[in-house]
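Both ligands and their constituent atoms are indexed starting at 1 by order of listing.
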Amino acid sequence: MRLYEQKKWWKRALAIIALCIGIFSIWYTTKLVKQLSIEEEKKIKLWANATQSMAKAEGNIDFMLDIVTGNETIPIILTDGNNNIISYRNLDSIQAKDTAFLNDQLLEMKSEHEPIKIVYDAENDFYNLLYYKNSIVLTQLKAYPAIQLALIGFFAIMSYLALSSSRRAEQNQVWVGMSKETAHQLGTPISSLNEWINLLRETPKEEQGYLLDELQNDTKRLELITERFSKIGSEPILKEENMDLVVEKSMQYMKTRVSSLVNIHINIAKPGNWAKINVPLFDWVLENLSKNAIDAMNGKGELNINISHDTKFVYIDIHDTGKGIPKSKFNTVFKPGFTTKKRGWGLGLSLVKRIVEGYHKGKIFVRNSEAGKGTTFRIMLHVA
Ligand SMILES: Nc1ncnc2c1ncn2[C@@H]1O[C@H](COP(=O)(O)OP(=O)(O)OP(=O)(O)O)[C@@H](O)[C@H]1O
Ligand SMILES: [Mg+2]
């Protein structure tokens with residue numbers, strides 16, 4: 001519940017930040033546009049003044065406009081007092097041959113800025129009008145924030161959709177996989193219980209003793225499974241344990257369930273490997289890793305577990321003589337949904353990682369692997 005509340009707040013905060021960035025960007029470009037526009041107006045006025053003073057000395061207007069060659073960006077049209085076009089600058093030279101185009105431009109300029117009056121002879125009321133419009137740079141700059149925001153918005157929406165759909169796919173996989181794992185884990189002890197019950201029916205009362213023990217083994221197994229699932233998602237209680245014994249016990253169970261062609265060895269390099277763990281959860285880790293190892297060996301080979309420690313960590317290396325993992329997949333194997341098996345869900349190792357790193361603050365990784373020779377997974381736990 002709290003997760004969804006938090007998510008809502010995050011979404012809101014992000015939306016507000018995005019809005020602020022948008023507003024700031026628009027405000028800033030508007031400011032720039034205004035400044036640039038003032039600059040352009042100043043330039044035009046300067047040119048108009050230059051033209052005016054040149055005209056007083058000399059009469060050739062085209063020549064004067066040529067003198068003002070500094071203006072290479074701002075489109076201008078010069079008209080006489082009656083709005084007849086005399087000359088122009090910085091307009092598309094081919095289109096400008098067309099009078100209709102020039103008149104359109106003139107209208108546009110009229111709507112954008114007041115013309116600048118260039119007075120040549122005040123007594124005879126002889127003057128020209130200098131019309132101008134924003135330079136292309138300025139026009140583009142005005143449109144820039146809108147285009148930029150539209151692009152960023154589009155990009156943000158697309159990546160949000162892509163991310164949420166991939167997250168949904170991942171969640172689906174975990175849901176389905178978790179249910180399958182539950183059914184799978186419960187399946188074995190339940191079918192074995194059924195078998196014992198059938199046997200019990202056919203066995204005379206005085207010979208039933210060993211059957212009751214077997215029944216109890218299976219109910220214990222069911223209890224363990226319930227405990228495991230109830231531990232996932234809640235804070236597990238960690239206790240100091242001797243890892244030698246934990247591994248020993250867990251492998252004892254594995255040994256009864258694998259073919260006799262798989263040899264399981266436990267090598268304790270240095271006794272006294274104590275770490276703080278939650279036994280039911282850690283059992284699950286060992287079970288998943290050894291199941292994977294046995295799968296990789298196709299039911300035949302050596303499964304070696306080496307346990308050692310230094311001052312900081314207890315190391316548990318699980319080594320098999322199976323088909324190996326390519327180097328490029330060393331990290332990928334831990335991703336939920338990654339599997340190369342026909343009936344696999346790709347959940348085992350993601351669960352293992354979650355238990356080792358999430359619940360025990362340890363580390364797990366592929367220590368090394370060689371195609372056709374085998375793989376070593378290493379678990380590191382803090383020394384207790
Ligand atoms: N010891 C190993 N040797 C070779 N490949 C391995 C080993 N352990 C894991 N892998 C590879 O990593 C993949 C993912 O393992 P993981 O345990 O997450 O899923 P899975 O075993 O395919 O399915 P699940 O465990 O959900 O039934 C496996 O399909 C396999 O390709
Ligand atoms: Mg597996």
* **Side-chain ion pair, Glu287 and Arg228, N-O less than 4.0 Å** => yes

* Is a side-chain donor-acceptor pair under 3.5 Å present for Asn273 with His309? -> yes

* To do: Specify the protein heavy atom at minimum distance from atom 30 (C) of ligand 1: its residue, its atom name, and the distance to 0.1 Å.
  => Thr340 OG1, 3.5 Å

* With atom 23 (O) of ligand 1 as the reference point, say which of Gly348, Gly374, Gly346 has the nearest heavy atom. => Gly346

* Asked: Who else is in Ile17's hydrophobic cluster (ILVMFWY, side-chain heavy atoms under 4.5 Å, direct or via others)?
  -> Ile21

* From the options Lys361, Arg354, Lys353, select the one residue that forms a salt bridge (charged side-chain N to carboxylate O under 4.0 Å, His left out) with Glu357. => Lys353

* Near Gly344, which atoms of ligand 1 are under 4.0 Å from a heavy atom of that residue? -> 23 (O)

* Asked: Would one find an N or O of Trp345, backbone or side chain, under 3.5 Å from an N or O of ligand 1?
  -> yes

* **Heavy-atom check, side chain of Pro189 versus side chain of Ile225, under 4.5 Å** => yes

* Asked: How close does the nearest protein non-hydrogen atom get to atom 21 (O) of ligand 1, and which residue and atom is it?
  -> Lys341 NZ, 2.6 Å

* Asked: So is Phe334 in contact with ligand 1, going by heavy-atom distances below 4.0 Å?
  -> no

* Asked: Which residue from Asn292, Thr375, Asp320 reaches closest to atom 1 (N) of ligand 1 through any of its heavy atoms?
  -> Asp320

* Structure fact -> Counting from 1 in the order shown, the ligand 1 atoms closer than 4.0 Å to a non-hydrogen atom of Val333 are 11 (C), 12 (O), 14 (C), 18 (O)

* **Pairing residues for Ser135 by the side-chain hydrogen bond (donor to acceptor under 3.5 Å, both in side chains) criterion, not counting sequence neighbours** => Glu40

* More than 12 foreign heavy atoms under 6.0 Å from NE2 of His184: is that the case here? -> no

* Roughly how far, to the nearest 0.5 Å, is the CD1 atom of Ile116 from the CG atom of Leu78? -> 10.5 Å

* **Output field: ring centroids Phe229/Trp284 closer than 6.0 Å** => yes

* Just distances here: any N/O of Ala296 and N/O of ligand 1 closer than 3.5 Å? -> no

* the Mg ion (ligand 2) to Asn288: any N/O/S contact under 2.8 Å? -> no

* In the protein, which heavy atom is nearest to atom 14 (C) of ligand 1, and how far is it? -> Phe338 O, 3.2 Å

* **Polar proximity ligand 1 side, Ser350 side, N/O cut 3.5 Å exclusive** => no

* To do: Using a strict cut-off of 4.0 Å, indicate which atoms of ligand 1 neighbour a heavy atom of Gly324.
  => 4 (C)

* Asked: Can you tell me which residue and heavy atom of the protein come closest to atom 26 (O) of ligand 1, and the distance to 0.1 Å?
  -> Leu347 N, 2.9 Å

* Salt bridge Lys45-Glu41, side-chain N to carboxylate O under 4.0 Å -> yes

* To do: Compare Leu349, Ile325, Thr339 and give the one whose heavy atom is closest to atom 5 (N) of ligand 1.
  => Ile325

